[in-house]
Every structure is written in C-alpha cells, then in structure tokens.
There are 2 protein chains.
Amino acid sequence: MTDWNLFDRPAPLVNMASRSFLRLGERRVKPHGFSIGQLPVLYLLRDGKAMSQRDLARAAKVEQPSMAQILARMERDGLIQRTPMPGDGRSQLVSLTKAAKAKMPAARKALHRNQDHALAGFSAAETATLLDLLRRLNRNLDRMVAEEVEVGEAVEA
Amino acid sequence: MTDWNLFDRPAPLVNMASRSFLRLGERRVKPHGFSIGQLPVLYLLRDGKAMSQRDLARAAKVEQPSMAQILARMERDGLIQRTPMPGDGRSQLVSLTKAAKAKMPAARKALHRNQDHALAGFSAAETATLLDLLRRLNRNLDRMVAEEVEVGEAVEA
DNA sequence: CTAATATAAATAGCGACCTATGTAAATGGT
DNA sequence: ACCATTTACATAGGTCGCTATTTATATTAG
C-alpha cells in the first residue's frame, strides 16, 4: 500500500538507471579494451597529464582503494604507467601509455553514439531539468554521506 | 571543453546518486542484519509469501545469478528457507524465516528515517518531476538494453 | 516413447564499489 | 635529533551486479 511498486521511488529508479547505464557503457567500451570504471582516469589523464593515485581518486570521486584497484587493472592491461613522484617516496605519478591513448578516440566515439539515446524523447528543457534535479539530489546525498561519517567518527572518539 | 565537468552528464550523475543511496542504505540496514540487495526479496516475501528464485529475480529486476547469490547469502544468514516446489523438481519455493520477519520492522523504520532526507529542498512538484523523468529515462534504457541483447544474439545466429 | 529443446538453478569468473587495516614515507612540535 | 602524527598506498574481505556456461529436470515433437 505505502510502496505499491517496489521501483517507484527515487533510490530504486536511480539504481536501475545506473545499472542500465553501466551495462550499456560496458558493452560499448569493452570491445575497445577499456571498461567503464576506467573512463574517469582516461579522461583525467587524456592529454599526457600525470597525477597521483590520491588525486585521481579525489577527482573521480571514488575511495582510494577503489582507485587502487582500477589502476591495478589498467596497469595489468597496459593502459597506464607509473613513475616515481619526485620528492615524495610514498607516491607515484600515473600516466597513460601510448597504447591507451591510441585506443581512446574509437572508444570515445562508441560511447558518444550510445550516449543520449537514453534521453530520446526528452526536450532540451526536460534534459536540463533532469540534470538540475540530479545535481541537487547529489548535493543532498553527499552531505548525508559526509555527515554520517562524522557521526561515526565522533562516536568512536 | 566539450565535457568541462566529468560529472555533469546524466550517466555520471545517476551513477553517483546510486552509489550514495547504496552507501547510506547499507549503513542503515546493516545494523539490523540485512543488506541492501536483500530489500526486494524481503519486500516480495514480506507476508509469508513464497516464490521461486526465478520469479524473485524477475520481480526484483536482476539476473538469475544475481538473485542466486542474494539468496545464498540470505540463507547463510538465516533469513530465508527453501522448500521443494511441488510438481517441479528443478525449482524451490523461497520464503522468509521467522527471524527475518522479526527483524524487518526495525530495519524498515531505520530506512524510513533515512529516506527522502535525500529530497530535502524539493517541492512536491519537483519530486514528482524527478520521478517522472527517471521513469522515462529507465524506459529508454530498458529498451536499449533489450535491443542490444537482440542484436548480440542475432549476430551469433 | 525417445530425442531434441526449453527452463530452473548452480557455478565460475569478472568489474565496480565499499569499509577496515596495515605499512612506509613525510612532517611537525619539543 | 626524535617521536607522534599525518599522509599515500597496499591489502584483505565483502556486497552488488553482470556474462557465460553447466547440470538437472521438464516439455514437446516425431
């Protein structure tokens, strides 16, 4: 009665959409030797830039161990290389290999073809509204996630 | 330039929101001995109903192996039980244990407290709009996922 | 009634995340 | 200089999901 349909609330709808995006994206990008989680890294390092793991994690908005795993797989697949960070023995600079850079344009195109098919039937205004509402939703969620961590830590202390 | 901000497109925004919802939901529900992926099962079997794995997967909109894993963990944790399906030796009827049913109300309350904090600052109309746009987005995505599977299979044949 | 096919689960293996913890290299205050 | 803290990564372990494949039981066609 209260939730007559399991999926007719924000969290499940968002979750479904996310899973679909991931499935579709994976199909597009996999034939080119990439996978979805690597896209932020590819994007961030695209024109020869080099960054630390920490900065990559921050910029991609994932936790450090998640980024570590992504980078491990990318290294395994010959997509990145690491060089020591000058002046800090703890850190390394990560950059794309030539192979990765060579394969990017095709993958990019494949994704572009895919992208925004999802928004078929949406007017420009509706698309803008959706993006705006999602940004606001994310602001709320980010705050909630952060707050709870604080609480958690406060309890510990 | 084209995508000046990595996250300012539908897929990443939806993905971020989904991850945040999952993190928050997990925190709420874990102390009660459940986890997020189990919620559809709990919901579907709530008042003593019994269903096959196949029907649970369909209703929860996940693939069969995903549901198999969810059920395996729920069985491990004493949340479900399986009884043979009368008249079909391949299948079993899944139902909630007393323990699971006993723990549900508290978990439900915990989630409710959480829920829709996410929509703080949203007017009723905005919430409705968001839900509507997400439903439409999902319709598109579902179609795309289904189409591609067809294509894939057609190529094989 | 048997052979081919379809269906229900199980299994193997992978990717994207997370939390919690450990380790080694800076850094900062005394 | 020295010890405590912070910081950057690494590692262990877990959940959610997917694809591909196998196994066992129905079902259907000939």
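Convention: sequence-line order gives letters A, B, ...; per-chain numbering from 1.
- B:Phe34 places its CZ atom 13 Å from the P atom of D:dC16, with the value rounded to the nearest Å.
- Ion pairing between a basic and an acidic side chain is recognised when a charged N comes within 4.0 Å of a carboxylate O; B:Arg19 and A:Glu63 show no such pairing.
- In this structure, the CG atom of B:Leu42 is 15 Å from the C1' atom of D:dT15, given to the nearest Å.
- Among all heavy-atom pairs drawn from A:Leu6 and A:Pro12, the shortest one is O-CG, 3.5 Å.
- What separates CZ of B:Arg27 from C1' of C:dC18 is a distance of 10 Å, to the nearest Å.
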B/S/- contact track for nucleotides 8-16 of chain C, protein heavy atom under 4.0 Å: SBBB---SB
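- Atom pair A:Leu56:CG and D:dA10:P shows a separation of 12 Å (rounding to whole Å applied).
- When every heavy atom of B:Arg143 is checked against every heavy atom of A:Ala120, the shortest pair comes out as NH2-CB, 4.4 Å.
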Residues B:Leu141, A:His117; criterion side chain to side chain contact (heavy atoms under 4.5 Å, CB included); working and verdict: CA-CA 8 Å; B:Leu141 290 169; A:His117 248 278; over 6 Å; no
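- Looking at B:Asn138 and B:Arg135, their side chains never bring a donor and an acceptor atom within 3.5 Å of each other.
- Judged purely by distance below 3.5 Å, without hydrogens or angles, the side chains of B:Gln92 and B:Gln53 never pair a donor atom with an acceptor atom.
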